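Report on the following structure.
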Amino acid sequence: MERMPGPDYVRDREALSRLLDRWGVPADAYELDLRPVRDDGRLVDDVVMIGPAGRKWAVWYRERGKEHNRREFDTESLACLDLAMRLRRYRVGK
């Protein structure tokens, strides 16, 4: 069984994207670039998001245009780890 990642493993959003892809997490379950609209024109909603928050990084769930369960972290890698842990349910059987 693959070990769960640590903060050094998901050091940035690019590494996080590769991990989520390897786990088979659907791309419409998260947003790493703070885009308000997807490439297909749909609003980004019902997703876990990550982004800068002043000198920190934040992770939250966006539903119906509102933030829920927002947490802030001192580093991008810790925020990426939190986002990965929120989406770990998709890795069942991997």
Side-chain angles (χ1 to χ4, degrees):
M1 177 184 276
E2 181 182 1
R3 284 183 48 202
M4 296 303 282
D8 292 335
Y9 187 76
V10 287
R11 66 191 170 285
D12 57 30
R13 288 172 291 162
E14 186 176 316
L16 174 62
S17 178
R18 288 191 302 269
L19 175 69
L20 296 175
D21 185 52
R22 190 168 64 246
W23 282 358
V25 177
D28 62 356
Y30 59 92
E31 175 57 49
L32 305 181
D33 297 320
L34 293 178
R35 296 179 305 162
V37 178
R38 296 195 183 280
D39 292 338
D40 63 6
R42 293 182 301 136
L43 287 176
V44 173
D45 207 28
D46 195 24
V47 297
V48 180
M49 300 184 78
I50 186 173
R55 293 183 173 191
K56 296 187 177 234
W57 284 84
V59 178
W60 64 95
Y61 179 71
R62 179 183 166 115
E63 181 181 33
R64 297 182 184 173
K66 297 187 181 194
E67 289 184 14
H68 302 278
N69 302 319
R70 181 185 175 102
R71 292 189 64 202
E72 291 190 2
F73 301 89
D74 290 331
T75 66
E76 181 180 6
S77 64
L78 289 174
C80 287
L81 180 60
D82 180 73
L83 191 145
M85 294 300 94
R86 291 181 190 213
L87 296 174
R88 71 185 179 269
R89 69 181 178 271
Y90 287 105
R91 100 182 251 284
V92 174
K94 298 278 180 207

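None of these values were measured; they are calculated from a predicted model. Hydrogens, waters and symmetry mates are skipped; everything else that's a heavy atom, side chains included, is used.
In this structure a side-chain-to-backbone donor-acceptor pair under 3.5 Å is missing from Arg86 to Leu83.
For Arg71, the salt bridge (charged side-chain N to carboxylate O under 4.0 Å, His left out) partners at least two apart in sequence or on another chain are Asp82. Not counting sequence neighbours, the partners of Ala15 by the side chain to side chain contact (heavy atoms under 4.5 Å, CB included) test are Arg11, Asp12, Arg18. Residues that satisfy the side chain to side chain contact (heavy atoms under 4.5 Å, CB included) test with Glu72, not counting sequence neighbours, are Ala53, Lys56, Ala58, Arg70. Residues satisfying the side chain to side chain contact (heavy atoms under 4.5 Å, CB included) test with Asp21, not counting sequence neighbours, are none.
Contact of the Leu78 side chain with the Trp57 side chain is not registered, since no non-hydrogen atoms from C-beta on lie closer than 4.5 Å.
The minimum heavy-atom distance linking Ser17 with Leu32 is given by the pair CB-CD1, 3.8 Å. Taking every heavy atom of both residues into account, Pro52 and Leu34 meet most closely at CD-CD1, 3.8 Å. What you find for Asp45 and Gly65 is that their closest heavy atoms are OD1-N, 3.1 Å. Closest heavy-atom contact between Leu16 and Ala84: CD1-CB, 3.8 Å. Closest approach of Arg13 to Asp33, counting heavy atoms only: NH1-OD1, 4.2 Å.
With a 6.0 Å radius and a threshold of 12 heavy atoms from other residues, nucleotides or ligands, Glu63 has its CD atom above the threshold.
Summarising the geometry, atom CH2 belonging to Trp23 is positioned 8.0 Å from atom CG belonging to Leu87; distances are rounded to the nearest 0.5 Å.
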